[in-house]
A.B. asks: 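I'd like to ask you about the structure that follows.
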Amino acid sequence: MAHSTSETERKYAPPAEGVSWLPELAGVGPVAELVDQGVQDLDAVYYDTEDLRLSRSRASLRRRTGGTDAGWHLKLPLPGDSREEIQAPLSSEEVPEELRDLAFSRTRGAPLRPVIRIRSARSLHHLLDAEGAVLAELSVDEVSAEALLDGGGRATWREMEVELAEDGDPALLDTVEEALREHGVERAESPSKVGRGLRETTSLLDGTTNPRAGVAPGSAGDHVLAYVDRLAAALTDLDPAVRRERPDSVHRMRTTARRLRGCLRSYRSVLDREATDALRQDLKWLANELGVERDHEVLRERLTTGVSELPGELVLGPVGARLQTWDAEQRTEARRRTLDTLASPRYLKLLENLRALTDAPPLRAKAAGDPGKVLGKALLKEYDRLAARMEPALDMTPGPQRDAAIHDARKAAKRLRYAAEAARPALGKPAARLGGRAKTVQQVSGAQHDSVVTCDLLRDLAVSAYSAGEPGFTWGLLYGQERASARSRERRLPEAWARVRGAARPEKLRG
């Protein structure tokens, strides 16, 4: 069974000629003492696809012996100097299936094979505080790398690494780095051994590939592709979190898919729809499949919170037990559906097509155009689509038809919000203002929709309770609260919509 930790570290290059690798660090910030821990011999074989898909996405997979944490290690990027390390025991020469699955969004199903062997003689030191607690580890490594790909070579180098102890203060890295720089030790160009090793022993990571070659900097296409690239990377990063049921991961992945789909729709004047329509359909499918688990999460939270906030004398009958039974049944099915989705051929095709889109974007003539004009025009079109839905919805009599119309308008508000996000770097405050106000409309109408859906579920639970001879009072009370909440949100919509109208100013959005 794999387990996960996070590591925060920085690597450093050799110091100037004649300068010690280990300057005196006692007294630097909270560091009281530097204690020698001896030398460790580490031997790691790194696995990747033939075209190095893991390395190109800043991830790595290795089988390492020696040291205190021998085993299989899958490292995934986190913000800043941190990475998540998912460890599995050395139970097999083959890549553990769990790690293979967690790397799937990066490998896209391509076979994993040994690509480089890296051996290190590590001189390890602990940085201790005044009480003797370990603040960080400082190691000096003599590294030898041997490529295992055809035509690969060998390389050797020395490097220093400073890694925070678990729950350590990241500010310590800045303090130590300042002291190191004063002694001629500078940050290494490569943040990882495997990245440097592959660059020095093969020609596969020479950095000459530019997937956005031919796109004029600052053009409409440049802005749209920057947004697409960011979301494509986010979708890839979220995949392993969803597989491990990390909090809010399904919600974030679903939202990312919707953002991507909305961007491809809103900016069809920039990216050819003949090449993106099929991808949009696959993104819609992914969001819908993830929606089963996400919708259950929302409903479970609303119902458990609603019951917990009621005075005890108003909770009549086995309300908690019925909720637990409903939750267990629905959660299991929703989780299975999510995992089946991520294991499906359609999901693999989506990942491949998304990669193809970012590597060779299908640009139209307007991609080279002025971003103010091109993106501003697209924003106004999305505003018009929202207005065509919202105005009739607000004129309708409260009831199921109006609920459905508001939900439809909410989808249009999301598309406007996401289009504004992509345009914000080019259009500045006008796009930010419009996107922010569209977000408010989305949130108000979304809360209204959540109450409507919760009412439907509460009615079903009340019917089941009645059939079992249980009191229906509590279910009816919760139903009334949700219905009142829905109507309260509806009353807020006209004001929120008026603010969107005020922000949709053509003279600002078109530059």
Side-chain angles (χ1 to χ4, degrees), residues 49 51 53 56-57 103-110 209 211-215 219-239 242-243 250-294 337-369 374-375 377-379 381-382 385 408 411-412 414-419 421-423:
T49 63
D51 55 355
R53 296 179 182 184
R56 295 181 193 281
S57 64
F104 182 82
S105 62
R106 289 175 161 80
T107 65
R108 303 189 299 283
T209 300
R212 302 209 356 228
V215 180
S219 64
D222 188 40
H223 284 285
V224 171
L225 289 175
Y227 188 69
V228 170
D229 287 350
R230 178 164 62 85
L231 292 176
L235 196 73
T236 299
D237 289 345
L238 285 165
D239 175 289
V242 170
R243 293 177 188 270
V250 172
H251 177 213
R252 291 165 59 206
M253 189 178 195
R254 185 189 190 199
T255 300
T256 300
R258 286 175 161 176
R259 279 183 161 91
L260 266 169
R261 178 172 174 253
C263 179
L264 298 180
R265 173 193 169 98
S266 297
Y267 296 110
R268 288 177 291 186
S269 62
V270 174
L271 297 171
D272 190 348
R273 67 176 301 171
E274 289 188 7
T276 61
D277 277 358
L279 180 54
R280 283 178 51 220
Q281 289 302 313
D282 287 340
L283 289 166
K284 179 181 180 180
W285 162 80
L286 176 61
N288 288 342
E289 294 300 302
L290 296 174
V292 176
E293 185 168 3
R294 173 55 185 167
R337 186 162 175 173
T338 294
L339 294 178
D340 286 350
T341 296
L342 299 186
S344 68
R346 187 170 185 179
Y347 179 64
L348 174 58
K349 183 185 74 170
L350 185 158
L351 293 175
E352 292 284 11
N353 289 341
L354 190 56
R355 180 67 188 191
L357 174 70
T358 56
D359 280 354
L363 299 175
R364 300 185 67 187
K366 288 187 178 180
V374 175
L375 305 187
K377 184 177 180 180
L379 274 184
K381 283 187 176 180
E382 289 297 352
R385 293 188 183 103
D408 191 41
K411 296 177 184 177
K414 282 193 292 187
R415 288 192 292 267
L416 175 58
R417 172 192 171 190
Y418 299 154
E421 285 180 357

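Being a predicted model, the structure only gives us computed values, none of them experimental. Note that the numbering runs from 1 along the sequence shown for the chain.
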A.B. asks: So, does Ser266 use its side chain to make a donor-acceptor pair with the main chain of Cys263 at under 3.5 Å?
C.D. replies: no
A.B. asks: Do Arg415 and Tyr418 come within less than 4.5 Å of each other through their side chains, counting heavy atoms only?
C.D. replies: no
A.B. asks: Mind checking the CD-CG spacing from Glu352 to Leu279? Nearest 0.5 Å is all I need.
C.D. replies: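 Between Glu352 CD and Leu279 CG, I get 12.0 Å after rounding to 0.5 Å.
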A.B. asks: With the threshold set at 4.0 Å, does a side-chain nitrogen-carboxylate oxygen contact exist between Arg385 and Glu382?
C.D. replies: yes
A.B. asks: Does the side chain of Asp237 reach to within under 4.5 Å of the side chain of Arg106, using non-hydrogen atoms?
C.D. replies: yes
A.B. asks: Kindly compute the distance separating CZ (Arg294) from OG1 (Thr338), expressed to the nearest 0.5 Å.
C.D. replies: 12.0 Å
A.B. asks: Is the closest side-chain heavy-atom distance between Thr341 and Leu286 below 4.5 Å?
C.D. replies: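 Yes - at least one pair of side-chain heavy atoms lies under 4.5 Å apart.
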A.B. asks: Go through it in stages, so that I can follow the logic: the residues are Arg259 and Arg417, the test is side-chain contact (heavy atoms from CB on, under 4.5 Å), and I'd like the CA-CA distance, side-chain angles, deciding distance and then a yes or no.
C.D. replies: CA-CA 9 Å; Arg259 279 183 161 91; Arg417 172 192 171 190; 3.3 Å; yes
A.B. asks: Check Val270 against Gly221 and note the closest heavy-atom contact, atom names and distance.
C.D. replies: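 For Val270 and Gly221, the tightest heavy-atom pair comes out as CG1-CA, 3.8 Å.
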A.B. asks: Is Arg337 salt-bridged to Glu289, cutoff N-O under 4.0 Å?
C.D. replies: yes
A.B. asks: Which heavy atom in Arg364 sits nearest to a heavy atom in Ser269, and how many Å separate them?
C.D. replies: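 That would be CB-O, 3.5 Å.
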A.B. asks: Sub-3.5 Å donor-acceptor pair from the side chain of Arg268 to the main-chain atoms of Arg265, do we have one?
C.D. replies: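 Yes: the side chain of Arg268 pairs with the backbone of Arg265.
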A.B. asks: In Å and rounded to the nearest 0.5 Å, what is the OG1 to CG distance from Thr255 to Leu260?
C.D. replies: 11.5 Å
A.B. asks: Is there a side-chain contact between Leu348 and Arg108, using heavy atoms and a 4.5 Å cut-off?
C.D. replies: yes
A.B. asks: Give the minimum heavy-atom separation between Leu379 and Ala423, together with the two atoms involved.
C.D. replies: CD1-CB, 4.0 Å
A.B. asks: Hey, does the side chain of Tyr267 reach the backbone of Ala419 with a donor-acceptor pair shorter than 3.5 angstrom?
C.D. replies: yes
A.B. asks: Could you measure the distance from the CG atom of Leu351 to the NZ atom of Lys349? Nearest 0.5 Å is fine.
C.D. replies: 11.5 Å
A.B. asks: Apply side-chain contact (heavy atoms from CB on, under 4.5 Å) to residues Asp272 and Leu363 and explain how you reach the verdict.
C.D. replies: CA-CA 6 Å; Asp272 190 348; Leu363 299 175; over 6 Å; no
A.B. asks: Give a yes or no on whether the backbone of Thr236 and the side-chain of Ser105 come within a donor-acceptor separation of less than 3.5 Å.
C.D. replies: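 Yes, because the side chain of Ser105 sits within donor-acceptor range (under 3.5 Å) of the backbone of Thr236.
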A.B. asks: Check each of Thr276, Asp282, Asp277 against Arg280 using the side chain to side chain donor-acceptor pair (under 3.5 Å) test, and report the only one that passes.
C.D. replies: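 So, applying the side chain to side chain donor-acceptor pair (under 3.5 Å) to Arg280 and each of Thr276, Asp282, Asp277, only Asp277 qualifies.
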A.B. asks: Is it true that Lys411 and Asp408 have a side-chain N and a carboxylate O under 4.0 angstrom from each other?
C.D. replies: no
A.B. asks: Phe104 vs Arg243, test: side-chain contact (heavy atoms from CB on, under 4.5 Å). Steps then yes/no.
C.D. replies: CA-CA 10 Å; Phe104 182 82; Arg243 293 177 188 270; 3.5 Å; yes
A.B. asks: Assess whether side-chain contact (heavy atoms from CB on, under 4.5 Å) is satisfied between Met253 and Leu235, documenting all intermediate values.
C.D. replies: CA-CA 6 Å; Met253 189 178 195; Leu235 196 73; 3.8 Å; yes
A.B. asks: Is it true that, when you exclude Lys366 itself, more than 12 heavy atoms of the residues, nucleotides or ligands shown sit nearer than 6.0 Å to its NZ?
C.D. replies: no
A.B. asks: Please report the shortest heavy-atom distance between Leu283 and Leu350, naming the atom on each side.
C.D. replies: N-CD1, 3.8 Å
